[in-house]
Amino acid sequence: MSPDLSRRRLLAAATAAGAAAALAPAASATASTRTATTWRSAALVVHNARVLTGERHAPVHGAIAVGRDGRVLAVGPSAVVRRLAGRDTDVVDARRATVMSGIVDAHAHPLEAAPGP
C-alpha cells in the first residue's frame, strides 16, 4: 500500500477497473450492500478519483473497488469504498484523475470500408 503513484501503476489500475466495469454492468452497488458472509477484501481499490460508470444519469463517484475475480465490488464515495481494502489490497490514490472503462475506436473510412470491384 505504498503512496507512490507511477504512470504505469495508475494506467494498470485504470485498465483493470475499466475492464471490470465493462464486464459487470450491475456493479454500481455500494459497499454497504455487501453482507458480512460474502465480504472479502478487494484486489484493487482506486480512491480520490473521478469514476465514470458510463450510465447516463449516474453521478461521478470518488472510488472503485475491484474483486479478485475482476468484477467491480463497489463504486461510490472514497470513505465507503476504502473499507473494502485488506492487507493485501493494492490501493491507488488517483489524485483526482478520471477512471473509466476503455474506449474502443470502432470507425471506418468510407472509401476503405467499401467492398472492392
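What you see is a predicted model, and the numbers here were worked out from it, not measured in a lab.
Taking OG1 of Thr98 as the start and CE of Met100 as the end, the distance is 8.0 Å to the nearest 0.5 Å.
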(request) Determine, step by step, whether Asp93 and His47 satisfy the side chain to side chain contact (heavy atoms under 4.5 Å, CB included) criterion, reporting the C-alpha distance in whole Å, the side-chain angles of both residues, the deciding distance to 0.1 Å, and the verdict. (result) CA-CA 5 Å; Asp93 181 351; His47 68 97; 3.8 Å; yes
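Of all non-hydrogen atoms in Ala49 and Val46, the two that sit nearest each other are CB-CG1, 4.3 Å. Contact record, Val66 with Ala42: O-CB, 3.5 Å, taken as the closest heavy-atom pair. The two atoms that bring Leu84 and Ala65 nearest to each other are CD1-CB, 3.7 Å, heavy atoms only. Annotation for Val75 and Val81: closest pair C-CG2, 4.0 Å, computed over non-hydrogen atoms. For the pair Asp88 and Arg68, the tightest heavy-atom approach, listed with the atom from each and the gap, is OD1-NH2, 2.9 Å. Summarising the geometry of Asn48 relative to Ser78, their closest heavy-atom pair is N-OG, 3.1 Å, with the distance given to 0.1 Å.
The closest side-chain heavy-atom distance from Arg50 to Val99 is not below 4.5 Å.
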